[in-house]
K.L.:
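Below: one structure in structure tokens.
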Amino acid sequence: MSSERYNAPARERHWQEAWTTAGIDKAGTDTSKPKCYVLEMFPYPSGRIHMGHVRNYTMGDVFARYKRARGFNVLHPMGWDAFGMPAENAALERKTHPAKWTYANIDAMRAQLKSMGLAIDWSREIATCHVDYYRHQQEIFLDLLAKGLAYRGPGKVNWDPVDQTVLANEQVIDGRGWRSGALVETREMQVWYFRITAFADDLLKSLETLDKWPEKVRLMQANWIGRSEGMSVRWALDPENAPEGETEIEVFTTRPDTLFGASFVAIAADHPLAKKLAETNADLKEFADECRRRGTSIIEIEKGEKLGFDTGLFVRHPLDPEWKVPVWVANFVLMDYGTGAIFACPSGDQRDLDFARKYGLPVVPVVLPPGADAATFEIGGDAIESDGTMINSRFLDGLSTKGAFEEVAKHLEAATLGNRPVGVRQVKYRLKDWGISRQRYWGCPIPVIHCETCGAVPVPKKDLPVELPEDATFDKPGNPLERHPTWKSVTCPKCKKPARRETDTMDTFVDSSWYYGRFTDPASKKKPIDAKAADYWLPVDQYIGGIEHAILHLLYSRFFWRAMGAAGAAPAKVSEPFAALFTQGMVTHETYKSDDGRWLLPTEVAFEGDGDTRRATEVATGKPCAIGSIEKMSKSKKNLVDPDDIIAHWGADCARWFMLSDSPPERDVIWTEAGVQGAGRFIQRVWRLVNEIADRAPNSLAISPSGLGDAAMELRRATHKSIDAVGRNIESLRFNVAVAQMYEYSNAISAALPKSGEDIDFALREAGEMLTRSLAPMMPHLAEECWARLGYNTLVAIEPWPEADPALLVDDRVTLAVQVNGKRRGELTVARSATSSEVEAAALALDPVLRALEGRPAKKVIVVPQRIVNIVA
RNA sequence: GCGGACGUGGUGGAAUUGGUAGACACACAGGACUUAAAAUCCUGAGACGGCAACGUCGUGUGGGUUCGAGUCCCACCGUCCGCACCA
């Protein structure tokens with residue numbers, strides 16, 4: 001009986017309904033079973049899903065379905081990272097409301113995701129813009145505030161003049177706003193912070209425990225946190241010309257060992273002392289302004305030009321009061337790192353050396369590199385930043401740099417200046433507190449009331465939520481909450497006098513810092529996170545998302561979960577929310593440009609020829625167009641493929657299969673029409689194979705597997721090896737290898753089909769069922785169709801993963817390569833149980849081996865059982 | 001500048017972690033079926049030499065360790081990513 005082609009688009013909806021009706025995607029409630037929490041980074045509801053989503057959610061879905069088949073209670077939820085500026089921009093442009101726009105987008109994207117056939121527990125869906133979500137976030141904020149983990153303070157903030165908002169440091173890329181691309185300005189204002197620096201050390205140390213995270217991400221986070229060990233050293237100002245009230249300069253250094261190479265002390269242009277001096281020194285003021293102007297420019301930083309201004313002040317060396325050291329203002333000293341002041345040892349630091357050479361300041365070598373001659377050694381254009389032996393350093397001479405560090409530290413700790421030690425050991429971090437204030441409407445309101453008498457007063461928990469007013473206006477830039485006529489007018493919770501509501505909302509990264517916890521019990525009314533549910537489900541067992549979140553979202557989440565634990569807002573059983581992380585690559589595509597330089601969609605282009613003769617023409621004009629480089633799919637370059645089109649034409653399984661097949665999941669994948677066709681061909685091929693098998697062996701055959709012939713045994717071995725390999729590859733997220741294994745296996749089934757015999761039918765029947773079951777996580781709809789065709793009226797989606805028979809994973813005969821002097825000369829097939837001496841004898845008797853030996857005796861024979869024989873002649 | 005990753009046929013990539021390099025797929029070529037096309041099936045293919053058996057070379061380049069190296073070590077070249085005047 002010949003079969004119809006499998007009509008994927010028509011059948012997929014059927015099976016999706018069947019899964020929903022059976023409720024199989026709901027997370028299990030039996031907490032005695034082992035759990036597996038699979039999560040993909042939730043999407044921003046931009047309006048439509050893109051191929052990046054398809055790739056991300058397919059990977060998570062395969063893993064979730066596989067784990068379910070393995071007997072785990074699987075939690076695989078989905079939600080919406082729904083606050084953010086695009087909604088407000090849309091409101092401004094399209095005269096709609098951010099909420100309306102957002103919820104419409106969510107509805108559209110939910111339908112798209114459902115058409116992918118994802119095994120998601122939709123009963124747990126959350127949207128961060130919903131008051132049921134953000135009311136809890138306000139509660140968490142209040143808990144953090146009470147613990148001092150949230151605070152309001154002055155900030156030099158990054159102000160984005162286009163989006164009219166403050167940006168976090170992480171959102172400033174090369175001096176520009178991450179979203180608007182506008183040059184960021186610096187402004188002083190009162191803003192809200194989360195005290196992420198309180199956890200700097202733990203966040204760094206605990207990276208070591210994240211052994212299922214990519215090394216790359218851990219390194220990026222470690223660099224971002226940027227721990228350095230050093231000393232804070234105070235230098236007494238020479239009172240002769242020091243300004244009123246200024247007595248010392250505190251510097252931070254990681255190299256106190258080079259203290260005797262000190263040439264000058266440099267302070268930042270924004271250092272309080274520099275500011276004070278600038279009040280009476282117009283030249284210095286102008287210099288400082290110049291530094292500020294240049295400071296933000298990347299070009300200036302790349303040029304690295306060192307600029308300085310001699311203040312005329314002096315400080316006394318901390319270990320020699322007789323030693324006067326000049327104080328400079330320098331553009332390369334940053335106010336927001338350390339103390340905003342350094343001591344410079346030009347022989348040991350390249351920047352200091354450049355500066356010293358430019359302004360004619362002393363350069364005293366203090367570290368002799370290994371192998372250098374002390375008598376002739378001098379500093380040329382390069383500073384000695386490596387370790388060595390101390391010279392010209394008084395009591396440190398002869399010590400190693402490390403030894404000198406310890407020795408000088410003791411002296412600095414013992415010496416005093418104004419009753420306190422001159423130097424103390426200190427650890428500094430590059431990481432800064434997280435500024436969360438955003439002057440926008442579409443975000444979670446910060447639950448605080450400003451009162452003239454009481455100051456910033458937290459909104460009492462009983463008054464939560466602080467809801468966004470629906471009747472805000474979006475017709476001009478700036479903060480709609482700020483200009484709302486009534487919303488901010490409230491009474492002070494403490495003194496009941498008229499007060500002003502905080503109009504800042506929270507950075508949307510706050511929303512995504514705890515959503516994984518909310519999923520464990522999204523309906524919980526009392527607490528943001530239900531302790532019992534969280535204890536069972538967390539941590540996330542497999543988190544999947546883009547590398548672009550390596551620092552921002554992933555570091556914030558790690559911090560936030562700790563902060564919540566410390567503030568009692570979340571159960572503190574696990575400190576790391578994501579036990580395993582996988583960062584998937586991007587989806588890329590060729591780009592096309594018309595002859596007059598417009599970008600063209602792939603659907604606007606027709607092709608002819610192939611290889612070097614491949615030509616593209618623009619369909620609308622018939623003119624030739626240029627085939628450009630392969631780049632990440634983006635609206636700007638129009639190299640987009642719409643998932644809807646693919647699913648409607650080829651089916652979800654086809655899109656899923658192609659996404660899994662072509663590239664290792666952590667690398668970029670190139671979307672090609674040919675690749676999709678290949679995936680579509682494979683779907684039809686599986687369908688034909690299963691049909692043929694179902695016709696030949698309509699039921700499981702009750703014959704004994706013991707009496708099978710060679711061909712049947714061969715197929716059975718292929719079956720069980722495939723089950724084993726596919727399972728292991730899915731487990732380790734090596735989907736492309738799992739796919740290749742399935743191709744290889746279906747080739748093996750095809751090869752067995754022409755053979756006949758009851759034992760072949762038996763092996764084929766088994767093959768058909770196993771093929772279907774091991775395909776189910778990857779192409780779930782096709783698998784259901786095949787399962788039904790094989791005569792079952794159950795859902796294959798809830799069938800357990802098949803167990804491979806260990807006895808069938810090994811062959812009784814093995815083929816091993818035979819080498820002479822490391823060169824392959826032949827191969828040998830022997831019984832698996834053959835002894836080394838038997839193998840050696842057989843290898844030495846091989847014709848090609850005899851030829852290669854040319855009569856020479858074998859000096860040595862190495863036999864690696866079941867692998868290889870190497871004969872050394 | 002600092003830190004990291006990667007480099008395998010025409011293409012995407014595999015290689016049991018030191019043991020037959022190029023699985024599997026895409027593209028290609030030839031053939032079968034067909035009035036024809038589509039679909040499907042079969043065959044071929046790393047490069048060079050040879051009718052062939054076969055031989056030589058071959059995982060960015062150059063060295064090294066080893067019976068044996070795509071895999072380990074050293075140096076270099078190239079590509080990509082992150083951070084960037086961090087004291």
Side-chain angles (χ1 to χ4, degrees), chain A residues 5 174 214-224 226-228 230 251-255 258 266 268 295 298 300-306 330-334 336-345 348-352 354-355 385 428-431 547-548 550-551 610-612 614 658 661-664 666-670 672-679 681-682 684-685 688 725 728 734 736-747 750 815-828 848 851 858-873:
Chain A
R5 284 174 64 80
D174 289 340
E215 184 64 27
K216 183 187 169 78
V217 174
R218 291 191 289 166
L219 257 163
M220 281 165 72
Q221 290 207 358
N223 289 339
W224 190 264
R227 182 181 201 273
S228 39
V251 309
F252 177 71
T253 178
T254 55
R255 294 294 304 276
T258 63
I298 339 152
E300 290 295 334
I301 292 169
E302 267 174 6
K303 268 200 296 188
E305 196 192 344
K306 305 285 177 282
N331 69 333
F332 68 92
V333 180
L334 308 172
D336 50 8
Y337 185 78
T339 59
I342 61 157
F343 92 82
C345 171
D349 183 288
Q350 193 58 46
R351 289 161 308 173
D352 297 351
D354 294 345
F355 192 88
E385 298 186 350
K428 292 270 182 210
Y429 298 93
R430 187 183 167 280
L431 183 70
I547 187 75
E548 66 273 19
I551 297 170
D610 47 55
D612 292 341
R614 189 158 165 266
F658 178 61
S661 66
D662 237 40
S663 286
E666 69 278 8
R667 269 193 237 173
D668 291 353
V669 65
I670 307 168
T672 61
E673 181 68 14
V676 184
Q677 283 172 9
R681 263 201 301 275
F682 181 66
Q684 298 303 335
R685 181 147 172 253
R688 281 196 309 274
R728 277 186 289 112
R734 290 149 42 93
N736 59 321
V737 187
V739 164
Q741 179 59 46
M742 294 303 299
Y743 275 113
E744 209 170 338
Y745 179 43
S746 61
N747 288 344
S750 295
T815 300
L816 49 179
V818 180
Q819 299 179 331
V820 176
N821 290 335
K823 270 198 179 108
R824 186 177 174 280
R825 293 294 173 184
E827 57 180 38
L828 194 60
R851 244 182 293 137
K859 278 194 208 136
K860 193 175 167 190
V861 180
I862 292 140
V863 178
V864 182
Q866 291 152 45
R867 283 278 156 77
I868 203 163
V869 181
N870 191 13
I871 297 159
V872 186

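Protein chains get the first letters and strands the later ones, always in sequence-line order, with residue 1 at the start of each. Nothing here was measured: the structure is a model prediction, and the numbers come from that model.
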K.L.:
How should the glycosidic conformation of B:G12 be described, syn or anti, under the criterion that syn lies within 90° of 0?
P.N.:
anti
K.L.:
Expressed as a whole number of angstroms, how long is the span from A:Ile862:CD1 to B:G18:C1'?
P.N.:
13 Å
K.L.:
On the nucleotide B:A23, are OP1 or OP2 found under 4.0 Å from the side-chain N or O atoms that A:Asn747 carries?
P.N.:
no
K.L.:
Can you find a side chain N or O atom of A:Arg681 that sits less than 4.0 Å from OP1 or OP2 on B:C26?
P.N.:
yes
K.L.:
Checking contacts here: which listed nucleotide (B:G3, B:A39, B:G19) is nearest the side-chain heavy atoms of A:Leu219?
P.N.:
B:G3
K.L.:
Return the pairing partner of B:U61 with a 3.5 Å limit on both distances, Watson-Crick or G-U wobble; otherwise return none.
P.N.:
B:A75
K.L.:
Between the base of B:C67 and the side chain of A:Lys859, is there a donor-acceptor distance below 3.5 Å?
P.N.:
no
K.L.:
Whether A:Arg867 contacts B:A15 is assessed here as follows: a side-chain N or O lying under 4.0 Å from the phosphate OP1 or OP2. Is that the case?
P.N.:
no
K.L.:
Taking only side-chain nitrogens and oxygens of A:Arg851, does any of them come within less than 4.0 Å of OP1 or OP2 of B:C54?
P.N.:
no
K.L.:
When you compare B:C24 with B:C33, how far apart are their C1' atoms, in angstrom units rounded to a whole number?
P.N.:
27 Å
K.L.:
With a non-hydrogen cut-off below 4.0 angstrom, is A:Phe252 in contact with a base, only sugar-phosphate, or nothing?
P.N.:
base
K.L.:
Rounded to whole Å, please give me the gap between CD in A:Glu744 and P in B:G13.
P.N.:
19 Å
K.L.:
A:Ile868 or A:Ile342: which one's nearest nucleotide on RNA chain B is closer to the 5' end?
P.N.:
A:Ile868
K.L.:
Whether the side chain of A:Gln866 engages the backbone of A:Leu816 through a donor-acceptor N/O pair (distance < 3.5 Å, no angle test) should be reported.
P.N.:
no
K.L.:
Closest heavy-atom contact between A:Thr672 and A:Gly675?
P.N.:
OG1-N, 3.0 Å
K.L.:
Using Watson-Crick or G-U wobble geometry with both distances below 3.5 Å, tell me the partner of B:A29, or none.
P.N.:
B:U43
K.L.:
Calculate the interatomic distance between A:Arg227 atom CZ and B:C86 atom C1'; express it in whole Å.
P.N.:
15 Å
K.L.:
Determine whether a donor-acceptor pair (N or O, by modelled atom type, separation under 3.5 Å) exists between the side chain of A:Glu385 and the backbone of A:Gln350.
P.N.:
yes
K.L.:
Taking for each residue the nucleotide of RNA chain B with the nearest heavy atom, is it A:Asp668 or A:Arg685 whose nucleotide lies nearer the 5' end?
P.N.:
A:Asp668
K.L.:
Write down the distance separating the C1' atoms in B:C76 and B:C83, rounded off to the nearest Å.
P.N.:
25 Å
K.L.:
Can you tell which of B:A14, B:A25, B:C85 lies closest to the side chain of A:Arg351?
P.N.:
B:C85
K.L.:
With the side chain of A:Val872 defined as its heavy atoms from C-beta on, choose the nearest nucleotide among B:C67, B:C86, B:C81.
P.N.:
B:C67
K.L.:
Rounded to whole angstrom, note down the C1' distance from B:C42 over to B:G46.
P.N.:
23 Å
K.L.:
For B:A52 versus B:C41, give the span between their P atoms, rounded off to a whole number of Å.
P.N.:
30 Å
K.L.:
Could you give the CG-to-C1' distance, from A:Asp662 to B:C26, as a whole number of Å?
P.N.:
7 Å
K.L.:
So what does A:Thr253 touch, heavy atoms closer than 4.0 Å: a base, only the sugar-phosphate, or nothing?
P.N.:
sugar-phosphate
K.L.:
Grab the CH2-C1' distance between A:Trp224 and B:C81 for me, whole Å please.
P.N.:
15 Å
K.L.:
Please tell me which of the listed nucleotides, B:G82, B:A87, B:C85, lies nearest to the side chain of A:Met220?
P.N.:
B:G82
K.L.:
Paired with B:A23: which nucleotide, if any, by Watson-Crick or G-U wobble criteria at under 3.5 Å for both distances?
P.N.:
none
K.L.:
How long is the gap from CZ on A:Phe343 to CZ on A:Phe252, to the nearest 0.5 Å?
P.N.:
11.5 Å
K.L.:
Going by the angle between their ring planes, with limits at 30° and 60°, are A:Tyr743 and A:Phe682 parallel, tilted or perpendicular?
P.N.:
tilted
K.L.:
From A:Ile547 CD1 over to A:Lys216 NZ, what is the distance, rounded to the nearest 0.5 angstrom?
P.N.:
5.5 Å
K.L.:
Does OP1 or OP2 of B:A14 have a side-chain N or O of A:Asn736 closer than 4.0 Å?
P.N.:
yes
K.L.:
Rounded to the nearest 0.5 Å, what separation is found between the CG atom of A:Asp354 and the CG atom of A:Asp349?
P.N.:
9.0 Å
K.L.:
Where do A:Phe355 and A:Ala330 come nearest, in terms of heavy atoms and distance?
P.N.:
CE1-CB, 3.8 Å
K.L.:
What does B:A38 pair with, Watson-Crick or G-U, if both distances are under 3.5 Å?
P.N.:
none
K.L.:
Taking the P atom in each of B:A14 and B:A29, what is the distance between them to the nearest angstrom?
P.N.:
27 Å
K.L.:
Can you tell me how far C1' in B:A21 sits from the matching atom in B:C28, rounded to whole Å?
P.N.:
22 Å
K.L.:
Roughly how far, to the nearest 0.5 Å, is CG of A:Asp336 from CZ of A:Arg430?
P.N.:
10.0 Å
K.L.:
OP1, OP2 of B:A15 versus side-chain N and O of A:Arg734: anything below 4.0 Å?
P.N.:
yes
K.L.:
Is the distance from OP1 or OP2 of B:C57 to the nearest side-chain N or O of A:Lys823 less than 4.0 Å?
P.N.:
yes
K.L.:
Who does B:A69 pair with, Watson-Crick or G-U, both distances under 3.5 Å?
P.N.:
none
K.L.:
Please work out if A:Pro664 contacts a base, only the sugar-phosphate, or nothing of the nucleic acid, heavy-atom cut-off 4.0 Å.
P.N.:
sugar-phosphate
K.L.:
State whether A:Arg825 places a side-chain N or O below 4.0 Å from either non-bridging phosphate oxygen (OP1 or OP2) of B:U56.
P.N.:
yes
K.L.:
Using OP1 and OP2 only, check whether a side-chain N or O of A:Arg824 sits under 4.0 Å from B:G68.
P.N.:
no
K.L.:
In whole Å, measure the gap between the P atoms of B:C77 and B:A15 for me.
P.N.:
30 Å
K.L.:
Quick one: A:Phe682 CZ to B:C26 P, roughly how many Å, whole number?
P.N.:
11 Å
K.L.:
Take the protein atom CD of A:Gln684 and the nucleotide atom P of B:A39, then report the distance between them rounded to whole Å.
P.N.:
12 Å
K.L.:
Closest approach to the side chain of A:Leu334, judged atom by atom: which nucleotide of B:C85, B:C67, B:G12 is it?
P.N.:
B:C85
K.L.:
May I have the distance from A:Tyr429 (atom OH) to B:A87 (atom P), rounded to whole angstrom?
P.N.:
13 Å
K.L.:
Nearest to the A:Asn870 side chain among B:C41, B:G19, B:A87, which nucleotide is it?
P.N.:
B:G19
K.L.:
Categorize A:Val669 for me: base, sugar-phosphate, or nothing, with a 4.0 angstrom heavy-atom threshold over every strand shown.
P.N.:
nothing
K.L.:
Under 4.0 Å: is that the gap between some side-chain N or O of A:Tyr337 and OP1 or OP2 of B:A87?
P.N.:
yes
K.L.:
Which value, in whole Å, describes the distance between the C1' atoms of nucleotides B:G68 and B:G19?
P.N.:
7 Å
K.L.:
As a test of the definition: with a 90° window around 0 for syn, would you call B:U17 syn or anti?
P.N.:
syn
K.L.:
A:Thr672 near the nucleic acid: base, sugar-phosphate alone, or nothing, with a heavy-atom cut-off under 4.0 Å?
P.N.:
nothing
K.L.:
So, does A:Thr254 get its side chain near the phosphate of B:C86, meaning an N or O under 4.0 Å from OP1 or OP2?
P.N.:
no
K.L.:
Using atom types as modelled and distance alone, determine if a side-chain donor or acceptor of A:Asp352 lies under 3.5 Å from a backbone N or O of A:Cys345.
P.N.:
yes
